[in-house]
Every structure is written in C-alpha cells, then in structure tokens.
Amino acid sequence: KKMKEQKYQWWLKRFRALSQYFDAYRIDHLLGFFRIFEIPTNSIHGLLGYFNPTRPMTVGEIADFNEKIIFDHERFLKPYITDATLEKYLGKYSQKELLKYLYKGAENTYHLKPELNTQRKIQSYFWQHKIKDKELEEGLMFLLDEVIFIEDPYEKEHYHPRINIHGSLSFQSLSEELKSALNSLYEYYFYQRHEVFWAKEAKEKLNIITNATSMLAC
C-alpha cells in the first residue's frame with residue numbers, strides 16, 4: 001500500500017538503474033505480486049496466517065454459501081482442546097503438569113491461561129521463566145492452531161478458513177455433514193473466490209514494472 005501511494009517509485013528507480021547493465025531479468029516467486037501469506041505478530045506458526053490482499057467472508061456470506069454451516073464463534077474461532085488434542089501434542093505430560101498452563105472449560109474442553117493464549121506469549125513465558133522444554137513449548141503452541149476460522153485483522157467480523165484445516169483434530173471431530181460443507185467452502189475460498197481479484201492485483205503491479213524499461217521480463 002505504501003509503494004502504491006508513492007506510485008511505485010522504488011521499483012521504477014531500481015529497474016531503470018538495472019537497465020543500464022542488463023537486457024533481461026527473471027521474476028522469482030511471481031505469486032508475491034498476486035498476494036502474500038501474512039502471519040499475525042502474535043503468532044509463530046503459519047497455520048494461523050492468511051493471504052493478503054484477500055476477500056475474507058462474513059457470517060452471512062458463509063451461510064449463503066452453505067446453510068449447513070451455522071457459524072459458531074466459540075467453536076470455530078477459539079482453539080478446540082480436548083483430551084484427544086492433549087494426547088496428540090502433549091501425550092508424555094500428565095494432566096497435573098499441563099494444568100499449570102491450562103484450565104478446564106465446559107464439555108470436557110481446555111483453555112490456555114490468559115498469559116499463554118497466543119504463541120508469542122508462550123514463547124515469552126518460557127524464555128522469562130527459563131523453562132528449557134522445547135517439546136512442551138511447541139506442544140502448547142500447537143494447541144492454538146486448533147481453530148476452524150481466523151478473523152481478519154483489518155475487517156471486523158470477516159473470516160478466513162484456516163489453511164490446511166483438514167489436518168486439525170478440531171475439524172476431524174465435527175460431524176460428517178458439517179465437514180462436507182466446510183470442505184466445499186474451503187475449495188471455493190482457496191481455489192475460486194480470489195482468481196479474478198488476485199489477477200487484477202498482479203496486473204496492476206506487473207504492468208508498471210514491465211513497462212518501466214525495455215528489458216525483457218522472464
């Protein structure tokens with residue numbers, strides 16, 4: 001956005017300087033001109049990221065896509081942590097040990113304590129308390145990946161399906177009917193919804209760059 005405000009002058013100056021020495025150039029990682037994958041500052045794992053720019057969906061759009069997806073903010077947006085989740089990521093630790101970091105919620109679920117409810121907080125906590133147990137630290141972080149949707153940080157009440165959602169226990173524990181509905185939404189969101197939108201994003205930038213000099217773009 002900052003580059004666009006400055007009419008891409010940084011790019012133009014760079015390419016014009018390079019054109020004094022070269023006749024052609026190769027663009028690596030071309031998809032970066034369409035979109036980037038952004039990870040929020042309070043997260044460490046890429047699973048909690050999202051594309052930018054993007055078109056996140058409202059609850060209404062999700063319902064219109066498939067009426068079987070009744071958006072449950074508590075179930076979809078917060079980490080779904082059960083005994084099975086703890087067994088998968090932290091099976092070697094006793095419940096007594098884990099309750100130093102978690103507390104029990106309703107319906108046999110668990111929640112990370114407020115001072116540990118983001119991956120950055122977990123990292124800082126272990127560093128500050130000089131806890132040298134990487135397996136425990138990573139296991140607690142993995143618990144936070146157990147979400148179905150991620151709220152967009154720029155548009156309130158707009159949501160992204162979590163990438164690679166099918167690998168989560170949170171998804172696997174849903175009903176077959178709901179999993180099927182979410183599968184369809186996932187396919188639409190990542191493989192259809194953004195095609196025209198991202199093409200427009202890329203063309204705007206690439207046209208400016210490729211027309212800046214007589215160099216051949218590969």
Side-chain angles (χ1 to χ4, degrees), residues 29 31-32 35-54 56-57 62 69 71-175 178-179 182-183 185-186 189-190:
H29 296 290
L31 283 175
R35 80 288 188 278
I36 61 168
F37 194 72
E38 182 175 293
I39 301 171
T41 53
N42 62 5
S43 300
I44 292 173
H45 295 169
L47 289 173
L48 297 177
Y50 38 79
F51 287 115
N52 184 8
T54 189
M57 301 178 77
I62 292 168
I69 305 173
F71 202 92
D72 183 335
H73 287 73
E74 185 74 22
R75 179 65 179 83
F76 287 169
L77 296 173
K78 294 184 179 179
Y80 185 66
I81 306 169
T82 64
D83 287 321
T85 322
L86 296 180
E87 179 61 32
K88 177 179 178 180
Y89 296 118
L90 295 157
K92 65 179 278 188
Y93 300 94
S94 68
Q95 190 178 80
K96 184 179 178 181
E97 288 176 293
L98 294 177
L99 287 177
K100 295 175 187 175
Y101 311 99
L102 301 149
Y103 65 93
K104 273 194 170 183
E107 298 179 4
N108 297 316
T109 60
Y110 300 84
H111 306 279
L112 281 149
K113 292 181 176 181
E115 63 270 27
L116 296 160
N117 62 8
T118 74
Q119 290 172 345
R120 289 286 173 200
K121 284 183 181 180
I122 292 170
Q123 185 184 58
S124 297
Y125 183 92
F126 273 65
W127 182 79
Q128 288 168 3
H129 291 80
K130 296 183 171 62
I131 304 170
K132 294 181 179 179
D133 188 336
K134 202 66 184 173
E135 192 173 344
L136 175 61
E137 182 182 352
E138 277 292 313
L140 293 172
M141 287 187 189
F142 282 130
L143 300 180
L144 291 167
D145 295 333
E146 290 288 333
V147 295
I148 303 295
F149 286 89
I150 295 166
E151 186 168 13
D152 187 78
Y154 307 107
E155 292 186 87
K156 282 190 174 182
E157 297 178 5
H158 285 68
Y159 306 98
H160 309 268
R162 199 210 80 177
I163 200 159
N164 194 26
I165 195 175
H166 312 92
S168 72
L169 282 179
S170 179
F171 177 83
Q172 291 165 19
S173 65
L174 296 170
S175 70
L178 185 51
K179 281 195 284 188
L182 286 169
N183 266 327
L185 178 74
Y186 188 94
Y189 188 82
F190 286 108

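- Counting heavy atoms from C-beta outward, Lys104 and Gln95 have side chains that approach closer than 4.5 Å.
- Between Leu47 and Asn164 there is a side-chain heavy-atom pair separated by less than 4.5 Å.
- Atom CG of Asp145 and atom CD1 of Ile150 lie 8.5 Å apart (nearest 0.5 Å).
- Defined by atom type and a distance below 3.5 Å, a donor-acceptor pair is present between the side-chain atoms of Asp133 and Tyr93.
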Which side-chain N or O atoms in residues 151-159 pair as donor and acceptor under 3.5 Å with protein atoms at least two apart or in another chain?
unit_1: Glu151; atom_1: OE2; unit_2: Glu157; atom_2: N; d: 2.9
unit_1: Asp152; atom_1: OD1; unit_2: His160; atom_2: NE2; d: 2.8
unit_1: Asp152; atom_1: OD2; unit_2: Tyr154; atom_2: N; d: 2.9
unit_1: Asp152; atom_1: OD2; unit_2: Glu155; atom_2: N; d: 2.8
unit_1: Tyr154; atom_1: OH; unit_2: Glu38; atom_2: OE1; d: 3.3
unit_1: Tyr154; atom_1: OH; unit_2: Glu38; atom_2: OE2; d: 2.5
unit_1: His158; atom_1: ND1; unit_2: Lys156; atom_2: O; d: 2.9
unit_1: Tyr159; atom_1: OH; unit_2: His73; atom_2: NE2; d: 3.4

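- To the nearest 0.5 Å, atom CD1 of residue Ile36 and atom CG of residue Leu31 are 12.5 Å apart.
- The aromatic rings of Tyr101 and Tyr125 sit perpendicular, their planes meeting at an angle over 60°, well past the 30° parallel limit.
- Contact record, Phe37 with Gly46: CE2-O, 3.1 Å, taken as the closest heavy-atom pair.
- In terms of heavy-atom proximity, Leu102 sits nearest to Leu143 at CD2-CD1, 3.9 Å.
- Rounded to the nearest 0.5 Å, atoms CG (Leu140) and CG (Asn117) are 12.0 Å apart.
- Smallest separation of non-hydrogen atoms from Ile39 and His45: CG2-O, 3.8 Å.
- How far CG of Leu48 is from OH of Tyr50: 10.0 Å, rounded to the nearest 0.5 Å.
- For the pair Ile148/Leu174, a side-chain contact is recorded, criterion being any heavy-atom separation below 4.5 Å from C-beta on.
- Closest approach of Pro79 to Val147, counting heavy atoms only: N-CG1, 3.5 Å.
- In this structure the side chain of His111 never reaches within 4.5 angstrom of the side chain of Lys78, judged on heavy atoms.
- Although no hydrogens or angles enter the test, the distance criterion places no donor-acceptor pair under 3.5 Å between the side chain of Gln119 and the main chain of Leu144.
- Looking at every heavy atom in both residues, Tyr103 comes nearest to Leu112 through CE2-O, 3.6 Å.
- Judged by distance alone, the side chain of Arg35 and the main-chain N or O of Thr54 form no donor-acceptor pair under 3.5 Å.
- Remark: the Arg75 side chain and the Ser173 side chain contain an N/O donor-acceptor pair separated by less than 3.5 Å.
- With hydrogens and angles ignored, the 3.5 Å screen pairs a side-chain donor or acceptor of Thr85 with a backbone N or O of Thr82.
- Taking CE of Met141 as the start and CG of Leu136 as the end, the distance is 10.0 Å to the nearest 0.5 Å.
- In this structure, Lys113 contributes its side chain and Lys100 its backbone to a donor-acceptor pair below 3.5 Å.
- Scanning all heavy atoms of the two residues, the minimum distance from Tyr189 to Pro56 falls at OH-CA, 3.6 Å.
- In this structure, Phe76 and Ile62 have side chains that are not in contact, with every pair of non-hydrogen atoms separated by 4.5 Å or more.
- The OG atom of Ser124 lies 11.0 Å from the NE2 atom of His129; values are rounded to the nearest 0.5 Å.
- Contact check for Leu90 versus Glu97: no side-chain heavy atoms found under the 4.5 Å cut-off.
- Looking at Glu146 and Leu169, their side chains come closer than 4.5 Å, going by heavy atoms from C-beta outward.
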Give the intermediate values and the outcome of side chain to side chain contact (heavy atoms under 4.5 Å, CB included) for residues Tyr186 and Leu182. CA-CA 6 Å; Tyr186 188 94; Leu182 286 169; over 6 Å; no
When you look at Tyr110 and Asp83, which way does the side chain to side chain contact (heavy atoms under 4.5 Å, CB included) test go after all the steps? CA-CA 8 Å; Tyr110 300 84; Asp83 287 321; 2.7 Å; yes
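- Taking the side chain as every heavy atom from C-beta outward, Ile165 and Asn183 never approach each other to under 4.5 Å.
- Distance alone, capped at 3.5 Å, places no donor-acceptor pair between the Lys179 side chain and the His166 backbone.
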